[in-house]
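One is the number of the first residue; the rest follow in order along the sequence.
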Amino acid sequence: MRLETERLVLRSWEERDRLLLATVLGDDEGRRFYPKALTTEEASAQFDSILKLQAEHGFCFGAAELKAEGSFVGMVGLGMIGEPLRSALRGNPPVEIGWQLHRSVWGQGLAPEAAKAWLAWGFANLPLDEIVAFTFEGNLPSQRVMQKLGMTRYPADDFLHPGLPEGHPLRPHVLYRIARPRQ
């Protein structure tokens, strides 16, 4: 898997990315809208899971690197939504789009640039009527990316994340949708 945008290469994972991904997933500021930053060991285990999903489905949240420097900046892509989360979402959508970028590149428009390429690929190659994105209700930067992608939030779709315990401050989530473009 390889996609290119004006400034990015979006590609499949390689073993050389394992520790680089740990720097993104282990950053407290970058993970402020997640239950916690991951340890190197936890990030390595997530990397192994990503490799498995990549082999199983042919796509996943892939590696993102700056085209000019070849430097790793995070992950962007499409992912299968597993249970029990999928059942918590109205309509049981199967695929989400998401991103986690290193904070050194925040505010440069890389997330929407990469996500647009992934959305185009997803609608061209997968039998999907829509793709969704979701985040903690207080994660306004990610919601701005979703809006830049042309995604729409329907407040009736908001949900409590089933992977977080009752009362957890990050449990309230918003859901955005984008439909397959009409030909």
Problem - Trace of the side chain to side chain contact (heavy atoms under 4.5 Å, CB included) decision for Q108 with R7 - result: CA-CA 11 Å; Q108 298 177 28; R7 299 177 291 167; 4.2 Å; yes

Practice task
Go through the steps to decide whether E83 and R86 satisfy the test salt bridge (charged side-chain N to carboxylate O under 4.0 Å, His left out), and finish with yes or no.
Solution key: CA-CA 5 Å; E83 293 297 344; R86 185 172 176 190; 5.1 Å; no

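Not one N or O on the side chain of R11 forms a donor-acceptor pair closer than 3.5 Å with the backbone of A63. When atom types are taken as modelled, the side chain of W13 and the backbone of F61 share a donor-acceptor pair closer than 3.5 angstrom. Side chain of R103 to main chain of G30: no donor-acceptor pair is present (N/O by atom type, distance under 3.5 Å, no hydrogens or angles). The closest donor-acceptor contact from the side chain of S71 to the backbone of L66 lies at 3.5 Å or more, if one exists at all. Within the 3.5 Å criterion, the main-chain N or O of L170 finds a donor-acceptor partner in the side chain of H168. Under a 3.5 Å cut-off, the side chain of R18 and the backbone N or O of E15 do not form any donor-acceptor pair. Side-chain N or O atoms of R171 include one that pairs as donor or acceptor with a backbone N or O of L164 at under 3.5 Å. Although no hydrogens or angles enter the test, the distance criterion places a donor-acceptor pair under 3.5 Å between the side chain of R180 and the main chain of L128.
In terms of heavy atoms, A117 sits closest to T5 at CB-CG2, 3.7 Å. Taking all atoms of both residues into account, the shortest heavy-atom contact from S87 to N92 is CA-OD1, 3.3 Å. The heavy-atom pair separating K148 from P112 by the smallest distance is CD-CG, 4.1 Å.
Atom CG of L51 is separated from atom CD of E14 by 10.5 Å, given to the nearest 0.5 angstrom. Atom CG of L160 is separated from atom CD of E137 by 9.0 Å, given to the nearest 0.5 angstrom. In this structure, CG in L38 is found 5.5 Å from CD in Q46, a value given to the nearest 0.5 Å. With rounding to the nearest 0.5 Å, the separation of CD in Q147 from OG in S142 is 11.0 Å. The CZ atom of F47 lies 9.0 Å from the CG atom of L19; values are rounded to the nearest 0.5 Å. Distance check, rounded to the nearest 0.5 Å: OH of Y176 to CE of M151 gives 9.5 Å.
For Q100, the side chain to side chain contact (heavy atoms under 4.5 Å, CB included) criterion is met by V24, L25, R31, Y34, M75, not counting sequence neighbours.
At a threshold of 4.5 Å between non-hydrogen side-chain atoms, the residues R177 and T152 do not count as touching. Side-chain contact between L21 and I50 is present, with heavy atoms from C-beta onward closer than 4.5 Å. Side-chain atoms of D157 and L89, non-hydrogen and from C-beta on, never get closer than 4.5 Å to each other. In this structure the side chain of I131 never reaches within 4.5 angstrom of the side chain of L126, judged on heavy atoms. Residues R153 and D158 are in side-chain contact: their nearest non-hydrogen atoms beyond the backbone lie under 4.5 Å apart. In this structure, the side chains of W121 and F59 come closer than 4.5 Å at one or more pairs of heavy atoms. Side-chain contact between F134 and I81: present, with at least one pair of heavy atoms (C-beta onward) separated by less than 4.5 Å. With contacts defined as side-chain heavy-atom distances shorter than 4.5 Å, the pair F159/L85 qualifies.
Under a hydrophobic clustering in which Ile, Leu, Val, Met, Phe, Trp and Tyr are joined whenever their side-chain heavy atoms come within less than 4.5 Å, directly or via other members, L119 and W99 fall into the same cluster. By the criterion of side-chain heavy atoms lying less than 4.5 angstrom apart, applied directly or through intervening Ile, Leu, Val, Met, Phe, Trp or Tyr residues, L20 is not grouped with L101; the two fall into different hydrophobic clusters. Residues I178 and L3 share a single hydrophobic cluster, defined by chaining ILVMFWY side chains whose heavy atoms lie under 4.5 Å apart. Using a 4.5 Å cut-off between side-chain heavy atoms of Ile, Leu, Val, Met, Phe, Trp and Tyr, with links allowed through other members, I97 and L53 fall into different hydrophobic clusters. A single hydrophobic cluster is seen to contain both L78 and V73, as judged by linkage of ILVMFWY side chains at heavy-atom distances under 4.5 Å, directly or through other members.
When the shell of 6.0 Å around CG of D48 is examined, it contains more than 12 heavy atoms from other residues, nucleotides or ligands. Residue K67 places its NZ atom among more than 12 non-hydrogen atoms of other residues, nucleotides or ligands, all under 6.0 Å distant.
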